[in-house]
Amino acid sequence: MDLAAIDAADLSGDADLRAAAFGSLPDAALLLDPAADRIVDANAAACALLGYDRADLLAVRISALHEAKQFPALIVFTQAVLDRGAYWSHALTPLHASGAALRVEYAGRRLDHHGRTLVLLTMSDLEQRHRRHVDAAADDYIHDGLPAWQRVERMFQDIERENQLILTAAGEGIYGVNAEGKATFVNPAAERMLGWSAEELVGRSIHAVMHHSHHDGRPYPDHDCPIYAAFRDGAVHTVDGEVFWRKDGKPVWVEYTSTPIRDRGGDVAGAVVVFRDVSQRREADEKLHAALAEVDRLRERLQLENDYLQEEIRIETNPRGIIGQSEAIQTTLRQVKLVAPTAAAVLITGESGTGKELIARAIHEASTRSGRPLIRVNCAAIPRELFESEFFGHTRGAFTGALRDRIGRFELADGGTLFLDEVGEIPLELQGKLLRVLQEGHFERVGDERTRKVDVRLIAATNRDLKQEVQRGRFREDLYFRLNVFPIESVPLRERREDIPLLAQHFLDGERRDQKPGLRLSQGDVRRLMRYDWPGNVRELQNVIERATILAQNGRLRFDLPEPSSAHTPSSSKQKAEPRPVVMTAAELRDLERANIVAALRACNGKVFGPDGAAVMLDIKPTTLASRIKALGIAARAPD
C-alpha cells in the first residue's frame, strides 16, 4: 500500500473516530443548519433527552421543537451564536416527544464548514444537573459537617416563620437568598409580580433566574449583582432603574434594597431583598420627559415666532383695513372675498406703495388660517447667499457663523400664510427649490438631511412685470404659473383719486392724536391733493400728510407738493393714464367738486352741519355746502 492510501485510511479513520465521539457524548448534542431550519445530526444523548429515534429527530425542524411563543427567543439565541461565535441561554425549553417542556441549558457554538454556517448545540438537563449539585452538596455537608448548613437553614426558617404574616400581607415583593445566592423563601407579592411560584424559585440561583440580563439584553454577571454584593461586603445596597425578568420573559422595572442577614455568630449568611414594581412610574416619567421635550420644542418655536413679530412690529398695519370707496377698491375687496377661503396661491402686482401687503393681510385675516401667523419675507432685503437659510432654516455648523439651529420662514409659517414681498428678486438658482416646496410641501434645512413637511398658503407680491422677466430668462416660467393662480392688481392712487380725501383724512386723524389735534383738511387742500399724480402712491400720501402736520402753523396744514405740470411720471411700466392737464374744463371742475363733496360726506357719515360735519372739513359755510349739494344732485346721507 502506498503512502497516499495510508493517509486516506488514516483520515477516514479520524472521521469515523470523530463521528463516534460525537455520537457518544454524555451531553445531548445537535448539529443545526439555522438557515434551513433543519437538524443535520443528533447524538444518542439528544435522542434520549428529546424522546425521538434518530431518524425521526432528523426529520423535525428546529422551530418545531419549541412553542410558538418562544420563536423570538430562539431567533435571538441563534443570532447571538452566529454573531459572537458562542452563546448560552436558560430561556428556551424544547418540547419532549410527549409534548412536555424540558428545562435545559442551551450552549451553542458557530461552525463554518465548506461554505456552510452551522451551529453545534449542546443541551444540559437542568433537572439532572440540580440532582448532581444536590448530591455534591450532600457530599460537602458530609465532609464539612451538617451543623453549619442546618444552622443557616434554621435561621431562614425562623425568619420566614416569625414574619410569615408580614411577608404574606406585604405589598412589596420579598425574598431571601443564602450566601450561595439561592432563594430560601419568596412571598406572595413577589410571586404575583414575577410569575414564578415559591416552589419554582426556592433552592435556585435567584440571579440566574430573574436578574441575568440588563433591560437592553446585555449580560449581567453575578459578580456585579448588588444583591450578591450585600452578603459579600455586609452592606445595604439600594438600587433603582434595573429590571427583574418574569417567568414569561417580560422585564419588570424595579427598585430594590438588598439587606445582609447575619447569624448569631455575626457572620453574613445571606440577604433579604425587598422590591417594588415601578414600571408604571417609569412609563409615566418617560411620557413626562417626552411631553417636556415637546414643550421645549413648542417653546422654541413660539420664541422664534415672537422674535419674528418683534422684528415686524415696526411695520404699521392699518387697523381699519383697506380704505376707499372707489370702484377699483371695491373690485379688489371682491377678489379678496373670493380667494381668501381657498388655499390657492395669490400674486399681487402693482407699483410700490399701493398697499400690496395690506391686500395680503386682508386675504390672510379672511381665511381659515387666520389663527396662525402671516409671515412676511422682503425678498429684496435678503443677501443672495442667505436666501436658502432664510427660507428653509439651517443647522448648527452648516456654514460659517451658523452658531445654532435656526428655523426658516417656511417652517414658521406652517399652518399659516407666507407673504413673499418683491418675489421677483429671488435668485434664479433658488427658484427651483422654492417651486419644489410649493408643489410637494417638503424641504430640508441647510446642513440637514432630514426632510420636513409644511402646510403653507403662499401670497406673493411684485412691482415687476414677471411675464417680461420670464421672457428675459430671469424668472422661471413654471414658478410664475405656480404663483399666478389668482392674480390681483393693486391699483395706483392716481387711478382712484376719489379715495384720496378718505385716505388723507385717515392719515391726518392718526397724526393729530400724536401732535396737533386741531388740524383739518380744507377744500383747497383736498383739491390740491387730488390734482397730484402720486408716483409714490399711498405711502407717499402718508408721508406728505405727516410732513404737512409738522409744518402746520395757526391751525392750517402746509403741503409741500410740486405743481401738477411737474408731476412725476409713474414708475410702472404699464402706465394707464396720462397726467391730467393743468387747465380744466368747467365740466371737469364740476365733476371734481362733486367727487370732493361726496368724499367729505362719506368721511363725516353724511353729516353737513356741526363741528364734525362736512362743511367744516371743506372749510365753507354749511348753507353754501347745502346749496352745492342740491345743485349737484348729491344725496346728503353718506351717498354711494
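Remember, it's a predicted structure, so these values are computed and weren't measured experimentally.
- For His214 and Tyr220, the distance between ring centers is under 6.0 angstrom.
- Residues Thr184 and Val177 form no side-chain contact, since every pair of their non-hydrogen atoms from C-beta on lies 4.5 Å or further apart.
- Phe410 and Phe392 have their aromatic ring centers within a separation under 6.0 angstrom.
- Nearest heavy-atom pair, Asn43 versus Asp27, reported as atom, atom and distance to 0.1 Å: ND2-O, 2.9 Å.
- Arg276 has a carboxylate O that lies under 4.0 Å from a charged side-chain N of Glu255, or vice versa, which qualifies the two as a salt bridge.
- Under a 4.0 Å N-O distance rule, the pair Asp112/Arg110 qualifies as a salt bridge.
- With hydrogens and angles ignored, the 3.5 Å screen pairs a side-chain donor or acceptor of Arg61 with a backbone N or O of Ala36.
- Around NE2 of His113, the count of heavy atoms belonging to other residues, nucleotides or ligands within 6.0 Å does not exceed 12.
- No side-chain heavy atom of Ile459 sits under 4.5 Å from any side-chain heavy atom of Leu420.
- Every residue meeting the salt bridge (Lys or Arg N to Asp or Glu O under 4.0 Å) condition with Asp478, not counting sequence neighbours, appears here in chain and number order: Arg476.
- With respect to Lys433 and Glu388, a salt bridge is recorded, a charged nitrogen being found less than 4.0 Å from a carboxylate O.
- Within the 4.5 Å cutoff, the side chain of Leu65 has heavy atoms near those of the Val60 side chain.
- Defined by atom type and a distance below 3.5 Å, a donor-acceptor pair is present between the side-chain atoms of Ser205 and Tyr228.
- Judged by distance alone, with hydrogens and angles left aside, the side-chain atoms of Ser124 form no donor-acceptor pair with the main-chain N or O of Leu126 at under 3.5 Å.
- Annotation: the span from Lys69 atom NZ to Asp248 atom CG amounts to 8.0 Å, rounded to 0.5 Å.
- No donor-acceptor distance shorter than 3.5 angstrom exists from the side chain of Arg116 to the backbone of Asp33, with no hydrogens or angles considered.
- Heavy atoms from other residues, nucleotides or ligands lying under 6.0 Å from CD of Gln280 number 12 at most.
- By the 6.0 Å contact criterion, CZ on Arg396 is open, its count of non-hydrogen atoms from other residues, nucleotides or ligands being 12 or less.
- The residues Arg192 and Asp277 are annotated as not salt-bridged, no charged nitrogen and carboxylate oxygen being separated by less than 4.0 angstrom.
- For the salt bridge (Lys or Arg N to Asp or Glu O under 4.0 Å) test with Glu411, the passing option among Lys453, Arg452, Arg406 is Arg452; the others fail.
- For Arg436, the CZ atom counts as densely surrounded, since its 6.0 Å shell holds more than 12 non-hydrogen atoms of other residues, nucleotides or ligands.
- No donor-acceptor distance shorter than 3.5 angstrom exists from the side chain of Ser258 to the backbone of Val273, with no hydrogens or angles considered.
- Side-chain contact annotation: Ser89 with Glu105, donor-acceptor N/O pair under 3.5 Å absent.
- Judged by distance alone, with hydrogens and angles left aside, the side-chain atoms of Asp53 form no donor-acceptor pair with the main-chain N or O of Asp56 at under 3.5 Å.
- A 4.5 Å side-chain heavy-atom check between Trp245 and Val252 finds every atom pair outside the cut-off.
- With respect to Arg204 and Glu200, no salt bridge is recorded, no charged nitrogen being found less than 4.0 Å from a carboxylate O.
- Remark: Phe244 engages His211, Tyr256, Phe275 in a ring pair (Phe, Tyr, Trp, His ring centres under 6.0 Å) (not counting sequence neighbours).
- A donor-acceptor contact shorter than 3.5 Å links the side chain of Asp125 to the backbone of Glu127.
- Using modelled atom types and a 3.5 Å distance limit, the side chains of Asp37 and Ser63 yield a donor-acceptor pair.
- With no hydrogens or angles considered, no side-chain donor-acceptor pair links Glu191 and Ser197 at under 3.5 Å.
- In terms of heavy-atom proximity, Pro94 sits nearest to Leu50 at CB-CD2, 4.2 Å.
- In this structure the side chain of His237 never reaches within 4.5 angstrom of the side chain of Thr259, judged on heavy atoms.
- The backbone N or O of Thr395 lies less than 3.5 Å from no partner atom in the side chain of Asp448, so there is not a single donor-acceptor pair.
- Using a distance-only test at 3.5 Å, with no hydrogens or angles considered, no donor-acceptor pair links the side chain of Thr122 to the main chain of Ala29.
- Residue Gln439 places its CD atom among more than 12 non-hydrogen atoms of other residues, nucleotides or ligands, all under 6.0 Å distant.
- Residues forming a ring pair (Phe, Tyr, Trp, His ring centres under 6.0 Å) with His90 (at least two apart in sequence, or on another chain): Trp88.
- With hydrogens and angles disregarded, a donor-acceptor distance shorter than 3.5 Å links the side chain of His442 to the backbone of Glu440.
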